[in-house]
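Quick notes on the structure that follows.
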Amino acid sequence: MTYRDNGEGAARGRPRDAALDQRITAVVLEVLGESGYQGVSFEEVARRCQTSKASLYRRWGSKREMVIAAVKAGPAEREAGEPIDTGTLRGDVLSLCRRLDQTMRAADSQTAMLLLQAGLEDPGLCEAIENAVGPTGARLPRRVIDTAIARGELPDGADPFAFEEVVGAALLLRRVNGLAVDEEYLSALVDTVVIPALKASSGRAPLPAGIFSGRPALTAHETAAPDAKENA
């Protein structure tokens, strides 16, 4: 029987090779940085790791699972599932901004950009990463919005669009250009842009999905392009 391990334990009857796991993580992020999500394949990763594709298939059943594991062990490495609950909307949003900045700092700016591109090519990847590592800061969890509404900090019908469209893009652009992302900047971003925009989102017609939401609409040209296939 083939046993697949998604990082939660050792393969039955065969202990996991920690050194190989580390090589795989490094190679997946390396290929992602060089060729983007489409360039990642079991064949290429196995070749660079000097191992067999079978050893990868024992760990993951798809390219998406392999990329998630690499992100979890690399740029998003931390204890999974940490909740965001400071008691105020401002505190929650600032905490998410800090967490996203920390996640981005764990990877070079090119890798961070390519991970975003990978999420656009495979919308489910964003959702899967959030589920695997806990809130990365790229999304505004629905629970944060609902709690803020219950406290009277946001009106009914508030939408996460402003956070998911603006925060990740702003932090990534500042990183790429070597601009400071400190507490002063994050406070200004939250107080003058994010929270006012969240309040203004109530009562508007359905808003589009933010770029970091994992479900942004593609242009007609992109929609017409062939779907990205998982490389084996």
Side-chain angles (χ1 to χ4, degrees), residues 1-82 99-100 102-139 168 172 175 212 214-216 218 222-223 225-232:
M1 179 179 70
T2 300
Y3 176 80
R4 181 179 303 152
D5 180 11
N6 291 319
E8 298 177 356
R12 222 173 274 168
R14 180 181 301 182
R16 285 284 291 268
D17 183 339
L20 178 57
D21 288 347
Q22 292 175 355
R23 288 206 308 276
I24 293 170
T25 294
V27 166
V28 170
L29 294 176
E30 178 182 86
V31 177
L32 185 68
E34 291 175 1
S35 308
Y37 186 60
Q38 284 189 311
V40 179
S41 67
F42 282 102
E43 181 175 22
E44 180 62 14
V45 172
R47 183 185 70 79
R48 295 195 190 197
C49 288
Q50 297 183 329
T51 190
S52 66
K53 286 200 296 182
S55 67
L56 302 182
Y57 281 119
R58 280 195 294 269
R59 289 165 167 79
W60 307 288
S62 68
K63 177 173 75 172
R64 180 194 291 179
E65 290 179 5
M66 183 168 65
V67 170
I68 291 167
V71 173
K72 185 175 180 179
E77 183 179 14
R78 64 168 182 273
E79 184 179 347
E82 299 172 38
R99 183 171 290 184
L100 181 57
Q102 177 186 0
T103 300
M104 287 183 170
R105 288 179 186 278
D108 59 78
S109 57
Q110 182 184 24
T111 300
M113 183 72 81
L114 287 167
L115 282 170
L116 170 59
Q117 184 62 39
L120 297 178
E121 293 175 9
D122 180 358
L125 179 64
C126 288
E127 190 73 37
I129 288 175
E130 291 286 320
N131 291 336
V133 307
T136 62
R139 305 272 192 89
L172 183 56
R175 282 211 63 217
F212 278 83
R215 50 183 178 82
L218 300 177
E222 290 167 321
T223 303
D227 292 337
K229 303 295 183 184
E230 293 207 342
N231 299 313

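These values consider heavy atoms only, across backbone and side chains, with no hydrogens, waters or symmetry-generated copies.
Residues passing the salt bridge (Lys or Arg N to Asp or Glu O under 4.0 Å) test with Arg47, sequence neighbours excluded: Glu44. Judged as a side-chain hydrogen bond (donor to acceptor under 3.5 Å, both in side chains), and not counting sequence neighbours, Ser52 has no contacts. Legend: residues meeting side chain to side chain contact (heavy atoms under 4.5 Å, CB included) with Glu30, ordered by chain and number and at least two apart, are Glu34, Arg48.
Atom CD in Glu65 sits 12.0 Å away from atom CG in Leu56 (nearest 0.5 Å). Here CG of Asp21 is found 10.0 Å from SG of Cys49. Values are rounded to the nearest 0.5 Å. Rounded to the nearest 0.5 Å, atoms CD1 (Ile24) and CZ (Phe42) are 9.5 Å apart.
Without hydrogens or angle criteria, Ser55 side chain to Thr51 main chain gives no donor-acceptor distance under 3.5 Å.
Looking only at side-chain heavy atoms (C-beta outward), Tyr37 and Val31 stay at 4.5 Å or farther from each other.
Summarising the geometry of Ala138 relative to Leu100, their closest heavy-atom pair is N-CD1, 3.9 Å, with the distance given to 0.1 Å. Shown here for Thr25 and Ala70, the closest heavy-atom pair between the two residues is CG2-O, 3.7 Å.
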